[in-house]
Colleague: 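Quick one: the structure is below, questions incoming.
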Amino acid sequence: MSTPEQLGSLNTPQRKAVTFGEALPGGKGFRAGPLLIVAGAGTGKTNTLAHRVAHLAMSGVDPARILMLTFTRRAAIEMKRRANEIMRTALNDQLGGKASQLSQRLTWSGTFHSIGNRLLRHYAKHVGLDPSFSVLDRSDAADLLDTVRTELGLSGKGQRFPRKDTCLGIYSYRVNTQKSLKDTLDSQYPWCVSHEEDIAKLLRAYVERKSQYRVLDFDDLLLYWHAMMGEERIAKSVSQLFDHVLVDEYQDTNKLQGDILQALKPDGAGVTVVGDDAQAIYSFRAAAVENILGFPDRFRPKAEVITLAQNYRSSQSVLDASNALMADAPRQYRKHLLSMRGQGPRPKLVTVDDLPTQAEFIATRVLASREAGIPLRRQAVLFRTGSHSDMLEIELAKRNIPFVKYGGLQFLEAAHVKDLLAVLRWADNPRNQVAAFRVLQFMPGMGPANARRALDHFVSKNYLWAGFETFEAPGDAKVAWKKFVELFSALGDPNREWRGQINMVREWYRPHMERLYEHVHMRIGDLDQLELLSSQYPTRERFVTELTLDPPQATGAQSSGAHQDEEYLVLSTIHSAKGMEWDQVYVLNVVEGSFPNEFAAGKPEQIEEERRLLYVAMTRARNELTCVVPLRFQITSPRSTDGHVYGARSRFMTEKVIKCFDEQTFQGSNTEVKIAESAADSGTIDVASRLKQMW
Ligand code: ATP
Ligand code: MG
């Protein structure tokens, strides 16, 4: 049972949410109906959820029977940490005491995809899956689609046939929304409508190929889980694993996830979901804000709804700006955020000339704030798109400011990292031909044709690693081939311990890496990090899958050093900054083309999502918020001839919003040179229209 001290830190509605339901007599658990906590940013939703987990555990619910669904793995880890902390305080516990015993049993916490992965492996044979299936990351999935497309002769149909990423997007949208292909094309990909038949053919072949290779893509994890929950017997068995199911960031779940949750607990028993419809920012990945809006009505009797009004995160000045931004947005649950933390300094709107000056400004301010006692890790720079921090990263490197970047896939996209993972993936699932094809071609003399030949041979030997011994490798590959066969017979031994496997793979891979790539030294650093990470996972399968599902933050010279001294600036896309908070937040490129994004400028609902994105960014700030407006902003649009457009301030910065900011300009150290350059290279500037655009 929770102690009064522990609950005492909560406000009344938070406490009501934490204790909602009733403890069963004799410490036998806790019974509760469905509960929705819907509230604005920083009102303590995640905190309340962590308290509820602790409360349940301390009321006798076995933590191993609590399912916690979060948006990222990072959030899952954080939630466990918070729950542990709360229990420790409540039980007045030392390390190793009851609290940590309880939190060690909180094993079912993760994203929908990662929990789906675990359940599917467990129930694999009931749903016709091989339990050693591999999970394809998005780029591998797109490549596989591409191969299938070429085989079907669809690539030759001229350039108008949708590209591989588009095809994958279509697949994903259709799967996650459960809409028909026709509806998907009509609403999201109208320019592809005329290809409907060929797309259907392609996707059918893609599905068959995945099944042949024993691979699932991200969306399949949910799709299979969903299908599994449609079978009454299995659904019952899965449901019985959990007494309580708690979901954070519920506003960004999609239809499939909503349906899975409902199938897990049809009467809503033990279900708690929390979210903020004003922070729904994933509709481009088919998230359905209706899930949260319609949640209460999914049940009879209806779910209990608790709202939280007080904001514990930000100063009132930050909230005034955020409230003003959302005032014009059409929404269902209206909230007005009220700070518990006092007025605080007014946010700043800083105009700079161009992107290098923006980078210089950020670096200068970040260092000044550190001098003033705000550590780097309490400061964050947020941006709309991963590439928006490019210039800043160079500037930070120049000044030796360590940073970690969230939200890019760079680490896993690096060829050498993908190579190493491909070896592990293939070892894990011999039928994974996507990985196999990649690995075979590391060896000298092994091009696509020989790799194909080797694979056909392997298939004829029933996917037994020993079968490779009798393969006639081309002359150049003879020596390498022997080592390859040795490696895979070692990795393929089911009794081999996971510890040490990466090291073995690295030794084998190193000469190939040195032959194939430049800058080997840097790459070795990445592989070191990969090896370090691997020790946190109990098995090879968990390692490769979890890494694929939720890639770690980007690495590189800066961030690997950053981990050691724990003093680093955070760079993050806004999408990856959900749920987080920092003392100081800088938002880059608050201009048209970025807010809203140039690609989102079509439909009104897309524009609204862009507004919410800016809202998420602003509400990450505890004390100081700085939005930067570069006047010369580079975008990829073909409309601009020199790659620059003269930026108009974001349309979301209306007069009402700007009133909440102090306006400033920052002159870079190089201003004169830059003015001369820009005058020389940019031809005539339409000053009048630029000025008009600003208002
Ligand atoms: P978001 O919408 O951004 O996910 P949230 O509603 O989940 O935000 P939390 O992250 O749980 O909010 O809480 C925001 C901050 O407020 C955290 O620093 C948290 O520790 C603090 N906080 C929450 N509730 C209380 C409370 N009752 N007393 C003191 N601090 C609190
Ligand atoms: Mg939260």
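Values reported hereafter were calculated over all heavy atoms of this structure, with side chains retained and with hydrogens, waters and symmetry mates removed. The model shown is predicted, which means the values in this text are computed figures rather than measured ones. Note that ligands are numbered from 1 as they come in the structure, with each ligand's atoms numbered from 1 the same way.
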Colleague: Which of the numbered atoms in ligand 1 are below 4.0 angstrom from a heavy atom of Arg82?
Modeller: 10 (O), 11 (O)
Colleague: Is any side-chain heavy atom of Arg651 closer than 4.5 Å to a side-chain heavy atom of Ile607?
Modeller: yes
Colleague: Can any side-chain N or O of Ser239 pair as donor or acceptor with the backbone N or O of Leu264 at less than 3.5 Å?
Modeller: yes
Colleague: At under 4.0 Å between heavy atoms, is it the side chain or the backbone of Met580 that contacts ligand 1, or both, or neither?
Modeller: neither
Colleague: In Å, rounded to the nearest 0.5 Å, how long is the span from CG of Leu221 to OG1 of Thr111?
Modeller: 9.0 Å
Colleague: I want to know if ligand 1 touches Gly44 in the polar sense, i.e. an N/O pair below 3.5 angstrom.
Modeller: yes
Colleague: In this structure, does ligand 1 have an atom that sits under 4.0 Å from one of the heavy atoms of Arg620?
Modeller: yes
Colleague: Is a donor from one side chain sitting under 3.5 angstrom from an acceptor on the other, for Ser103 and Ser100?
Modeller: no
Colleague: Counting from 1, what ligand 1 atoms have a heavy atom of Gly40 closer than 4.0 Å?
Modeller: 6 (O)
Colleague: Is the shortest heavy-atom distance from the side chain of Met87 to the side chain of Met58 under 4.5 Å?
Modeller: yes
Colleague: Taking atom 19 (C) of ligand 1 as the reference point, report whether a protein heavy atom occurs under 4.0 Å from it.
Modeller: no
Colleague: Counting from 1, what ligand 1 atoms have a heavy atom of Leu10 closer than 4.0 Å?
Modeller: 27 (N)
Colleague: Which heavy atom of the protein is the closest neighbour of atom 16 (O) of ligand 1, given with residue, atom name and distance?
Modeller: Tyr312 CB, 3.2 Å
Colleague: Please indicate whether any nitrogen or oxygen in Gln14 is less than 3.5 Å from any nitrogen or oxygen in ligand 1.
Modeller: yes
Colleague: Looking only at protein heavy atoms, which one is nearest to atom 4 (O) of ligand 1, and how far off is it?
Modeller: Gly579 CA, 3.6 Å
Colleague: Take atom CD in Glu655; do more than 12 heavy atoms of anything else shown fall under 6.0 Å from it?
Modeller: no
Colleague: Any donor-acceptor pair under 3.5 Å linking the side chain of Thr48 with the backbone of Gly44?
Modeller: yes
Colleague: Of all the non-hydrogen atoms in the protein, which one sits nearest to atom 2 (O) of ligand 1, and at what distance?
Modeller: Lys45 NZ, 2.6 Å
Colleague: Do Leu392 and Leu571 have side chains that approach each other closer than 4.5 Å (heavy atoms only, starting at C-beta)?
Modeller: yes
Colleague: Could you give the distance from CZ (Arg65) to CG (Leu56), rounded to the nearest 0.5 Å?
Modeller: 12.5 Å
Colleague: To the nearest 0.5 Å, what is the distance between OG1 on Thr272 and CG on Leu246?
Modeller: 4.5 Å
Colleague: Record the part of Ser9 in heavy-atom contact with ligand 1 below 4.0 Å; permitted values are side chain, backbone, both and neither.
Modeller: backbone
Colleague: Roughly how far, to the nearest 0.5 Å, is NZ of Lys255 from CD of Gln262?
Modeller: 9.5 Å
Colleague: Give me the one residue out of Glu624, Arg365, Gln379 that meets side chain to side chain donor-acceptor pair (under 3.5 Å) with Tyr586.
Modeller: Gln379
Colleague: Kindly indicate whether the side chain of Arg622, heavy atoms from C-beta on, has any atom under 4.5 Å from the side chain of Tyr312.
Modeller: no
Colleague: So Phe30 and His55, would you call those rings parallel, tilted or perpendicular, with 30° and 60° as cut-offs?
Modeller: perpendicular
Colleague: With heavy atoms of Thr46 as the reference, note each atom of ligand 1 found under 4.0 Å away.
Modeller: 4 (O), 5 (P), 7 (O), 11 (O)
Colleague: Starting from atom 23 (C) of ligand 1, what is the nearest protein heavy atom, named by residue and atom, and what distance separates them?
Modeller: Asn47 ND2, 3.3 Å
Colleague: Does Ala50 have a heavy atom less than 4.0 Å from any atom of ligand 1?
Modeller: no
Colleague: Everything protein-side that's N, O or S and under 2.8 Å from the Mg ion (ligand 2): list it, residue and atom.
Modeller: Thr46 OG1
Colleague: Tell me which protein heavy atom sits closest to atom 10 (O) of ligand 1, plus the residue, atom name and distance to 0.1 Å.
Modeller: Arg313 NH2, 3.2 Å
Colleague: Among all protein heavy atoms in this structure, tell me which lies nearest to atom 15 (C) of ligand 1, with the distance rounded to 0.1 Å.
Modeller: Glu581 OE1, 3.3 Å
